[in-house]
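Protein chains get the first letters and strands the later ones, always in sequence-line order, with residue 1 at the start of each. These values consider heavy atoms only, across backbone and side chains, with no hydrogens, waters or symmetry-generated copies.
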There are 2 protein chains.
Amino acid sequence: MLKYQHIAAEIEKYIQEHALQQGDKLPVLDELMVQFGVSKSTIIKSLELLEERGVIFQVRGSGIFVRRHGRKGYISLLKNQGFTRDLDHFPITSQVLELSVRKPTREAATNLNISMEQDVYYVKRVRYIYEQTLCVEESYYNKAIVTYLNNEIVSDSIFDYIREGLGLKIGFSDSYLHVGKLEEEEAGHLGLHKGDPKLDVETIFHLANGQPFDFSRITYNYIQSQFFIQANGHGM
Amino acid sequence: MLKYQHIAAEIEKYIQEHALQQGDKLPVLDELMVQFGVSKSTIIKSLELLEERGVIFQVRGSGIFVRRHGRKGYISLLKNQGFTRDLDHFPITSQVLELSVRKPTREAATNLNISMEQDVYYVKRVRYIYEQTLCVEESYYNKAIVTYLNNEIVSDSIFDYIREGLGLKIGFSDSYLHVGKLEEEEAGHLGLHKGDPKLDVETIFHLANGQPFDFSRITYNYIQSQFFIQANGHGM
DNA sequence: GAGTGGTCTAGACCACCCC
DNA sequence: GGGTGGTCTAGACCACTCT
């Protein structure tokens, strides 16, 4: 683990362990440099990481402060990858409805930037939170990249497997959100009624080298659909 | 303007003018250093800025590449501040329904971290895109910070005024998204029907020093509600 | 004016991609 | 192995806040 990542983790741990609140002041740069025995730039890199994640904010001429948001039970729309990681303290489970190798739809092929003759893994899951249906998810994985999947992997965290099992590096994602009305079939899975509100999130995940490897559409139960986004200045 | 901001702007301009597409390669670090006559760190800082904004992605050992998303007409959920800035090429207009000084609701007071006796500016607007209703917005501005507003300012960009007119620095924001069904009154403003889907976005805007100054709730017309989010690795 | 964060530099060395 | 991006350092100097 890199120094600046380690330091960021330490600072974050410190904030949690001391249950610091929004606006609480952290030690100044000089102190942090001495405390961790690294150069100023390294501390700054750590703090930038934490700032980007919404953990702290820095005020020039004043200090480094803790940033906290006031609401529980919201799903973060950043850092997303299937959010198994986001809702640490929430019991999320999955039921696999289908796992198969097939040819992609035109839409999936376009988004994955492959031809319609190339194989993809198709995965359809229902996800539950607190025994309630949270969402229905359909994913298309480019089989040339994600070479193997089975039921066990798919019931657990697919992304952990891609990282650790396949040794691939996940890079970035583009998500598109739409609000609409539930179709009959979706409503059935979610325990709602046709015509009820829904939130669709389509996401294209790319490897670190820019190759798209996963196109997924998640349809959320509107009652559970509580999301939050922390934005940082840098252009506000 | 700082060197690294200037360089980032130049690179972004270069990408636009040459209509570069996703995956197109930019000059290597050494070239950029020479071209702009600055140190390596400064170039790296510029590239980090662009990466954070979703303009490029970098691959170690390989190069710097252009990042583009494939869909038009989506509203960015980051860099948000009322999105006058996001939809550069879209004609967004506002109709002010109300502008007054009042005492905050309990909810607004809590989110602005003030007492219910302190004055706030209350602004209610309907926003249109292409002559169609996009959203209804209610905002509460802490009057101790945003000391003055009038109809002209409120019809235009409130945030530009806060920055330039009042000389305040806007820092960061926390947004909370909910999906639900439209109430009678909201439906009226949006030209939809009671019970139709809606997307509510509540946002608390903070100054650079951490003080909350604006609490707003925007209710979107679900037909126009197309948003996108670009996420970067750093934890994926 | 003292304190504190931010920018920028020059250079050493490391980690990864791809041929 | 050559090319390329990433980390880390030590230090000079700048910009903002607060009292």
Participant: On the nucleotide D/dT4, are OP1 or OP2 found under 4.0 Å from the side-chain N or O atoms that B/Q58 carries?
Facilitator: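 It does not, given that no N or O in the side chain of B/Q58 lies less than 4.0 Å from OP1 or OP2 of D/dT4.
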Participant: Whether A/R71 engages the ring of A/F228 as a cation-pi pair (distance to the six-membered ring centre under 6.0 angstrom, angle to the ring normal within 45°) should be assessed.
Facilitator: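 No, A/R71 does not lie over the aromatic ring of A/F228.
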Participant: Tell me whether the side-chain N/O atoms of A/S62 come closer than 4.0 Å to OP1 or OP2 in C/dG5.
Facilitator: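 Answer no for this pair, as no side-chain N or O of A/S62 is under 4.0 Å from OP1 or OP2.
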Participant: Please state whether the base of D/dG6 and the side chain of A/K45 form at least one donor-acceptor pair under 3.5 Å?
Facilitator: no
Participant: When the nearest nucleotide of DNA chain C is assigned to A/L2 and to A/V28 on a heavy-atom basis, which residue is associated with the more 5' position?
Facilitator: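 The answer here is A/V28.
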Participant: With a cut-off of 3.5 Å and sequence neighbours excluded, list every side-chain donor-acceptor pair involving residues 29-42 of chain B.
Facilitator:
from  : atom 1 : to    : atom 2 : distance (Å)
B/S39 : OG     : B/T42 : OG1    : 3.3

Participant: Does a side-chain N or O of A/Y4 approach OP1 or OP2 of D/dC8 to a distance below 4.0 Å, or not?
Facilitator: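 No, A/Y4 has no side-chain N/O under 4.0 Å of OP1/OP2 on D/dC8.
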Participant: Which nucleotide in the list C/dG6, C/dC17, D/dG6 gets nearest to the side chain of A/K169?
Facilitator: C/dC17
Participant: In whole angstrom, give the distance that lies between atom CD of A/E31 and atom P of C/dG3.
Facilitator: 13 Å
Participant: Does CD in A/E17 sit with more than 12 non-hydrogen atoms of other residues, nucleotides or ligands closer than 6.0 Å?
Facilitator: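 Yes, the 6.0 Å shell around CD holds more than 12 heavy atoms from other groups.
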Participant: Determine whether any donor atom in the side chain of B/K40 lies under 3.5 Å from an acceptor atom in the base of D/dG6, or the reverse, and answer yes or no.
Facilitator: yes
Participant: Round to the nearest Å and state the distance from B/F36 atom CZ to C/dA10 atom P.
Facilitator: 17 Å
Participant: Categorize A/K3 for me: base, sugar-phosphate, or nothing, with a 4.0 angstrom heavy-atom threshold over every strand shown.
Facilitator: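 Touches sugar-phosphate only.
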Participant: Relative to the ring of A/F215, is the ring of A/Y140 parallel (under 30°), tilted (30 to 60°) or perpendicular (over 60°)?
Facilitator: parallel
Participant: Toward the 5' end of DNA chain C, which comes first, A/L26 or B/S41, by nearest nucleotide?
Facilitator: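 The answer here is A/L26.
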Participant: Is the ring centre of B/F227 less than 6.0 Å from the ring centre of B/Y74?
Facilitator: no
Participant: Consider the side chain of B/R60, meaning its heavy atoms from C-beta on, and name the nucleotide among C/dC16, D/dT17, C/dT7 that approaches it most closely.
Facilitator: C/dC16
Participant: Can you measure B/L29 atom CG to C/dA10 atom P for me and round it to whole angstrom units?
Facilitator: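 To the nearest whole Å, that distance equals 15 Å.
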Participant: Between A/I43 and B/L47, just flag the one whose closest nucleotide in DNA chain D comes earlier from the 5' side.
Facilitator: B/L47
Participant: Of the options D/dC8, C/dC8, D/dT7, whose atoms approach the side-chain atoms of B/T42 most closely?
Facilitator: C/dC8
Participant: What's the CG-P distance between B/L207 and D/dT17, to the nearest Å?
Facilitator: 11 Å
Participant: Any base atoms under 4.0 Å from B/I64, or only sugar-phosphate, or nothing? Heavy atoms, all strands.
Facilitator: sugar-phosphate
Participant: Under 4.0 Å between any heavy atoms, over every strand shown, what does B/K25 touch: base, sugar-phosphate, or nothing? Just pick one.
Facilitator: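 The residue B/K25 makes no contact with any strand.
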